[in-house]
Amino acid sequence: MEIIRLENGLFSINLSETEKELVDELTRNLLIKLGNESPQTLLPRLFPEAILNEPELDSEYKAMTTHQLQNSHQKALEALNLLTSEKEISQDDFIFVIKGLNIIRLELGEVLDIDDESQTPPAGNSNQYRLWIVFQYLGQILSQCIEEFERNF
């Protein structure tokens with residue numbers, strides 16, 4: 001991936017065809033899950049518990065915010081289309097791209113059961129290993145995006 005800050009203040013982000021296909025596939029799969037009737041059940045890291053040890057209050061909070069959070073996640077994921085379209089993007093769109101990449105990475109972390117202390121790779125011959133490689137790669141892309149954003153902010 002190559003990120004270039006243009007003189008007009010916009011960003012040009014260039015992905016390889018393989019990267020575009022990967023982002024498209026991951027985005028499509030996650031948008032399907034988000035469109036589900038109860039996405040918070042399918043995507044617990046994207047709809048985390050807000051009020052610990054108070055299930056009734058947490059349930060009230062989720063009832064008030066789930067729809068808004070779902071829309072926010074969907075907008076960020078849809079912004080990833082900007083990565084594959086080869087269009088120049090604004091700073092605001094770049095922020096949405098970063099959010100979208102992070103949302104995908106959070107979901108992969110959930111699937112792989114990765115937490116802050118555990119990042120041991122699964123067996124090399126499993127589908128989980130492929131996902132783990134993608135998870136690591138998305139972490140590198142996110143770091144690169146954030147570094148570029150901070151450099152040009």
- Mind checking whether Ile3 and Phe94 have side chains closer than 4.5 Å, heavy atoms only? yes
- Message: Distance check, rounded to the nearest 0.5 Å: Phe96 atom CZ versus Leu101 atom CG?
- Response: 13.5 Å
- So, does Thr27 use its side chain to make a donor-acceptor pair with the main chain of Asp24 at under 3.5 Å? no
- Query: Within the distance-only criterion (no hydrogens, no angle test), does the side chain of Ser143 pair as donor or acceptor with the backbone N or O of Gly139 below 3.5 angstrom?
  - Reply: yes
- Task: Mark yes or no for whether Ser59, through its side chain, and Glu56, through its backbone, hold a donor-acceptor pair below 3.5 Å.
- Result: no
- Message: Between the side chains of Lys75 and Glu78, is the shortest nitrogen-to-carboxylate-oxygen separation below 4.0 Å, so that they form an ion pair?
- Response: no
- Query: Do the side chains of Asp93 and Lys87 get nearer than 4.5 Å, heavy atoms only?
  - Reply: no
- From Ile104 atom CD1 to Leu77 atom CG, the distance as rounded to the nearest 0.5 Å: 5.5 Å
- Message: Please give me the minimum heavy-atom distance between Leu6 and Phe11, naming the atom from each residue.
- Response: CD1-C, 4.4 Å
Would you give me the side-chain donor-acceptor pairs under 3.5 Å for residues 40-55, sequence neighbours excluded?
| from | atom 1 | to | atom 2 | distance (Å) |
| --- | --- | --- | --- | --- |
| Arg45 | NE | Glu110 | OE1 | 3.0 |
| Arg45 | NH1 | Ile114 | O | 2.9 |
| Arg45 | NH2 | Gly109 | O | 3.4 |
| Arg45 | NH2 | Ile114 | O | 2.5 |

- Start with the C-alpha distance between Arg28 and Glu25, add both sets of side-chain angles, then the distance that settles salt bridge (Lys or Arg N to Asp or Glu O under 4.0 Å), and finish with yes or no. CA-CA 5 Å; Arg28 194 173 37 257; Glu25 176 189 341; 5.9 Å; no
- Message: What I'd like to find out is whether the side chain of Leu69 reaches to under 4.5 Å of the side chain of Lys62, using heavy atoms alone.
- Response: no
- Over all atoms of both residues, closest heavy-atom pair of Lys99 and Ala76: CB-CB, 3.8 Å
- Query: Is any side-chain heavy atom of Leu82 closer than 4.5 Å to a side-chain heavy atom of Ile13?
  - Reply: no
- Note on the structure: Nearest heavy-atom contact between Ser16 and Glu19 is N-OE1, 2.7 Å
- Query: Taking side chain as C-beta onward, heavy atoms only, is Glu107 less than 4.5 Å from Lys33?
  - Reply: yes
- Message: Give me the atom names and distance for the closest heavy-atom approach of Gln70 to Asn36.
- Response: NE2-O, 4.2 Å
- Item | Min side-chain heavy-atom separation Ile89-Leu10 under 4.5 Å | no
- Message: So, using side chain to side chain donor-acceptor pair (under 3.5 Å) as the criterion, who are the partners of Asn71 when residues are at least two apart?
- Response: His67
- Query: Considering only heavy atoms from C-beta outward, does the side chain of Leu138 approach that of Leu26 to under 4.5 Å?
  - Reply: yes
- Message: Return the CD1 to CD1 distance between Ile98 and Ile103, rounded to the nearest 0.5 Å.
- Response: 12.0 Å
- State, with a plain yes or no, whether a side-chain heavy atom of Ile133 is found less than 4.5 Å away from one of Tyr129. yes
